[in-house]
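A short write-up of the structure that comes next.
This one's a predicted model, so the numbers in the text were calculated from it and none came from an experiment. Chain letters run A, B, ... following the sequence lines, proteins first, then strands; residues in each count from 1.
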Number of protein chains: 2
Amino acid sequence: MTGPTRLVLEILFDGERHFSADDLFEELDRRSPGISQSTVYRVLQRLGQLQIIEHVHSGVGSTFYHLRQHNHAHLVCTDCGSITDVPDTIFEQLTQTAQTDYSFTVQTHHAAILGRCANCATSS
Amino acid sequence: MTGPTRLVLEILFDGERHFSADDLFEELDRRSPGISQSTVYRVLQRLGQLQIIEHVHSGVGSTFYHLRQHNHAHLVCTDCGSITDVPDTIFEQLTQTAQTDYSFTVQTHHAAILGRCANCATSS
DNA sequence: ATAAGTGCAAATCGTTTGCGTAGGC
DNA sequence: GCCTACGCAAACGATTTGCACTTAT
């Protein structure tokens, strides 16, 4: 409704697709100085409950957030931290096997897949 | 070589397959009181470098550790935190698609797959 | 007026680090 | 003796919480 919350939404709709809480904090502080970190976390939590955004545990570095849009997952490079969006379909077999063999329902969007991106693979 | 390190190995070979640093710390303290947390972390780090153990980022709760043995990955329940070992083969399609379509080399063992286990799915 | 949103500072959790010491070789 | 492993306490990064204050509605 107010100040910071509106700003967060603006930022989310504006530019980059993925933000850590701190990225967001810095961008907020740039646009309107004096906002506190706790506000950022509280706004993110609220937007999460409202199903407007989702968060992803990256394994390397901190949790990141993005507007909710199903059907994609994330590949995160353990070297450079880059995030690659990939369609959910990449999970098809895994999701299905987990379900049939282990009665486990995979949340494809909730944790990143770790590995090394093209760049970092070559520069090893 | 010495005390704590030896004990950690004993514990790892003994019982459960997965330990958080804190699990390990508690078990150590039970077997031989007076060990410090930093020692636990340092031992884990050392054993990691020696390729004796591996760690997994769980997304829910803290990192866990286990003896190194390739060919399996982990399903972690976001509700109860239970860890299920699954063969690497469950990743086949994902790993391959990531490689061919995105030149991304998945590290199947390095991050857990999140979701809900059979128990928690029914008790929702 | 009432409830929600905010800032600030302190607390928490998991993990790391600096430093002085003790023990294996 | 020397080098590594250890214990302790303090430092850290990410995130959460308590509390008092402001501001939409």
When you get a sec, tell me which of C:dT6, D:dT15, C:dG7 is the closest nucleotide to the side chain of A:Ser38?
C:dG7
Stepwise side-chain contact (heavy atoms from CB on, under 4.5 Å) test for B:Leu12 and B:Ile52:
CA-CA 10 Å; B:Leu12 284 171; B:Ile52 294 173; 5.8 Å; no
Distance, rounded to the nearest Å, where B:Leu47 contributes CG and D:dA5 contributes C1':
13 Å
CG of A:Asp22 versus P of D:dT15: gap in Å, rounded?
9 Å
Distance test, side-chain N/O of A:Ser36 to OP1/OP2 of C:dT6, below 4.0 Å:
no
Return no unless some side-chain N or O of B:Thr63 is found under 4.0 Å from OP1 or OP2 of C:dT15.
yes
Pairing donors with acceptors under 3.5 angstrom, does anything connect the side chains of B:His110 and B:His57?
yes
Rounded to whole angstroms, how far apart are CZ on B:Arg6 and C1' on D:dA5?
13 Å
Are the side chain of A:Asp23 and the backbone of A:Ser20 linked by a donor-acceptor contact shorter than 3.5 Å?
yes
Does the side chain of A:Thr5 get closer than 4.0 angstrom to OP1 or OP2 of C:dG5 through an N or O atom?
no
In whole angstroms, the gap separating C1' of D:dC6 from CG of B:Asp29 amounts to 14 Å
Name the orientation class of the two ring planes belonging to A:His18 and A:His66 (parallel below 30°, tilted from 30 to 60°, perpendicular beyond 60°).
perpendicular
Could you go through the side-chain contact (heavy atoms from CB on, under 4.5 Å) check for B:Leu47 and B:Leu9 one step at a time?
CA-CA 9 Å; B:Leu47 294 178; B:Leu9 285 173; 4.0 Å; yes
OP1 or OP2 of D:dT16 versus the side-chain N and O atoms of A:Tyr41: is any pair under 4.0 Å?
no
Atom CZ of A:Phe64 to atom P of D:dT15: distance rounded to whole Å?
12 Å
I need the CZ-P distance between B:Phe25 and C:dT15, as an integer number of Å.
13 Å
Nearest of C:dT16, D:dT15, D:dC6 to any side-chain atom of B:Arg42?
D:dC6
Among the candidates D:dA14, C:dC8, D:dA5, find the nucleotide nearest to the side-chain atoms of B:Arg46.
D:dA5
Could you tell me how far apart B:Gln49 (CD) and D:dT4 (C1') are, to the nearest whole angstrom?
13 Å
Quick one: B:Asp23 CG to C:dG14 P, roughly how many Å, whole number?
11 Å
